[in-house]
Trainee: 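Below is one structure. I have some questions about it.
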Amino acid sequence: MNEADIDLPETRIVPVASWGGIDLREVFEYRDLLYFMIWRGLKVQYAQSIGGLAWALIQPAMQIILFAVVFGGLLGLDADGRNYFLLVTLAVIPWSYMSSTLDGTSQCLVTNSALMAKVYFPRATFLLIQVFGNLVPFLVSQVITIAVMFYYQVPLTSQIFLLPVVLLLMMLVPLSIGVWLASLAIRFRDFRIAMGMVMRMLIYTVPVMYQSDKIPDDLRQWYILNPFVGVIEGFRACFLGYDYPIQWDSLLTSAVITSVLLISGSVYFRRMERVIVDVI
Amino acid sequence: MKALKVENVSKLYRLGNSTDLDDTSANPVVRLLKRPLNNLRKYRSLYRFSDEELNSSESRKDILWALNDVSFEVDSGEVIGLVGANGAGKSTLLKVISRITPPTRGICTTRGRLSCLIEVGTGFHPELTGRENIYMSSTILGMRKREVDAKFDEIVDFSGVEKFIDTPVKRYSSGMAVRLAFAVMAHLEPEILVVDEVLAVGDVEFQRKCLNKMSNVGKDGKTVLFVSHNMAAITRLCDRGFLMKGGRIIQDGSAADIVHSHVTAGSLTTSWREWLDIAEAPGDDSVRLRRVGIVTESGVAAGMINAHDQIGIQMVFDVLEEGQVLNPYVTVISETGIDLFSSIDADKRYESEFRKPGRYTVTAWVPKGLLAAGTHYVRAVMRSVKRQYRPFTERDVISFNVLDPEGEAIGAGWWEGRPGGVIRPSLNWTTEYISAEMLIEGQL
């Protein structure tokens, strides 16, 4: 026995436990893996494409233009005196991040089951790959935000200081739902099919191509239960300034719902991640 | 200092769930409505086992005890070889220890970092370059980036692919990719290393290099758990061995002893069965089976058979009363449950003649170089021709192991991985060669 042995961490492997959340300390120990997995994901996605990371610009740009032309132009959706193009830009960019993160997290366990049968590392890494990996194209697409802000000469106000909070929420909202869906998708394969459909409809439940003012006041309390609403409204408020006041009700509701989903989901995930190899 | 402690670990799997059959036409509709709930129950039942269920005899047949109350302790620095037939629970044990699958009961405690090598090239992606894959694979197997940085040149050197290190792995030959993957594995520095049969691939020279590297790992005070069907590697690398059978560790001792028990496992893998008490022997008042066994040409009973050797399946039976035409026959079954072949006693004398009372010893000789390596089971049957019945049908009455460690019986010493197929006859190959020049002349 030598001195060094005493410091070695002990790992106890026990049958499937009923309670306990994701072990964040362990996830942190595997941070190098997280980094390389994100790198691998980006490299594989963008390798051998002509555009490379430019696709992170082209995709949201096309969507913004499409919405602006169809809803702003053809359908003449009323922007209440605000700039419709600006409104859509500030919604599409966080929405793209959230929808791809939700999509990725909800399927991460099923798609990686082969790897999980071969080697152990904290399964929550798969969730974080999505959360942080999707930040890269999101940050690249900020070029669009900055360009549009400059073009329309929108002055920044003190509301921009809320941005870190909104960004954190933007990362946590799809994670909190995805952690549940990832675990459920192990049991019910239908989730995968249903998800595609739900994802396409989800955009209509969020103020991306319209403004939430359109929602009648007495319905708003239900409307803001959708945690995505608070993020989109918050993102717009950060950039548009006093013209678009911060909606504390949706932001706080979103934060509360996200916390509840995240904590309960991580308990459930912790249980399912252990049995996935036997069940799948 | 204990590096690894396994206490009463059991791992259960549920075999195919039987589904209810429809009684009425309304049933499918009801079942459809109930499906989500049933699904939930079914998935739960895949990893949950109640005590009553385990004790009742009825449900036991669809529950597989992949590990059954396994306990042991390993000191740090020990190199352990796990030996046993396929399905003995070796891989399941490794998977529980490396946290890939949870135990159903019991506790494992590991001290220090553990890397588990179950396949070659875990985490490799064809789009990534050799350099990126070294980092990818190492971190998946539990190393930190700075540790890889420090070892990087050594890994590249070991793999011998330095020229292609910045080329995507999809452009590598399969041999190069395997060498790179091995190089990564050989340079992992966890406190505990778990290795499952990964050495079965790669060319012989490179395998030797890896074995040497791994035996050094053992000398560094690392704990190694090693599963292999390569008995030479086990004896050479391991200090201690476990012999596993039916989910239990049936022997714990020096590697040499374990390998010896495994190889001479005739006594363990019942390749010989005898009924001393005639009343308990299979059969009826007219004929009784007394003994079934595997014999070699020299007449010796054997449970481990070299693929080079000829073996015979021997049946001894007593005919108790005259008046029947009796034909014994045997079926050989592969470890995957496939009937490989059946053979009926071809002795002309007994095709239509009654057998006189007395003891008969019949041996069916199996051609050498026919069977694939692995466990084989024998079904021994007696057929009464005139009366159209079978006095006895003994399923899986004995089993025996065919060994072809180097693959030399089929000239597959260089083969990457084990050749497939349920049998592996050594065929006589012929080659006709016409030189390119002759071909052109012939066309003219």
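Here is how names work: the chains are called A, B, and so on, in the same order as the sequence lines, proteins then strands, and each is numbered from 1. Because the structure is predicted, anything quoted here is derived from the model rather than measured.
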Trainee: Answer with side chain, backbone, both or neither: which region of A/Glu273 has an atom nearer than 4.5 Å to a non-hydrogen atom of chain B?
Mentor: neither
Trainee: Where does B/Lys5 contact chain A at under 4.5 Å (heavy atoms): side chain, backbone, both or neither?
Mentor: neither
Trainee: Roughly how far, to the nearest 0.5 Å, is CE of B/Met143 from CG of A/Asp32?
Mentor: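 A/Asp32 CG to B/Met143 CE: 10.5 Å, rounded to 0.5 Å.
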Trainee: Taking side chain as C-beta onward, heavy atoms only, is B/Pro102 less than 4.5 Å from A/Asp278?
Mentor: yes
Trainee: Heavy-atom distance under 4.5 Å to chain A: side chain of B/Leu114, backbone, both or neither?
Mentor: neither
Trainee: For A/Arg40 and B/Gly123, indicate whether the former's side chain and the latter's backbone hold a donor-acceptor pair under 3.5 Å.
Mentor: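 Yes; judged by distance alone, with no hydrogens or angles, the pair exists.
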Trainee: Below 4.5 Å from any heavy atom of chain A, which atoms of B/Ser98 appear? Answer side chain, backbone, both or neither.
Mentor: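 Just its backbone gets close to chain A.
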Trainee: Select all residues of residues 120-131 of chain A having any heavy atom within less than 4.5 Å of some heavy atom of chain B, and report them by number, or 'none'.
Mentor: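 The stretch touches chain B at A/Tyr120, A/Phe121, A/Arg123.
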Trainee: If the threshold is 4.0 Å, N to carboxylate O, is there a salt bridge linking B/Glu127 and A/Lys43?
Mentor: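 No, this pair does not count.
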Trainee: What is the distance from atom CZ of B/Arg144 to atom CZ of A/Arg31, rounded to the nearest 0.5 Å?
Mentor: 4.0 Å
Trainee: Chain A: which of B/Ile140, B/Asp75, B/Leu128 shares the most heavy-atom pairs with it under 4.5 Å?
Mentor: B/Ile140
Trainee: Are the charged groups of B/Arg113 and A/Glu26 less than 4.0 angstrom apart, N to O?
Mentor: no
Trainee: Please rank B/Gly106, B/Gly142, B/Ser138 by heavy-atom pairs under 4.5 Å with chain A and give me the top one.
Mentor: B/Gly106
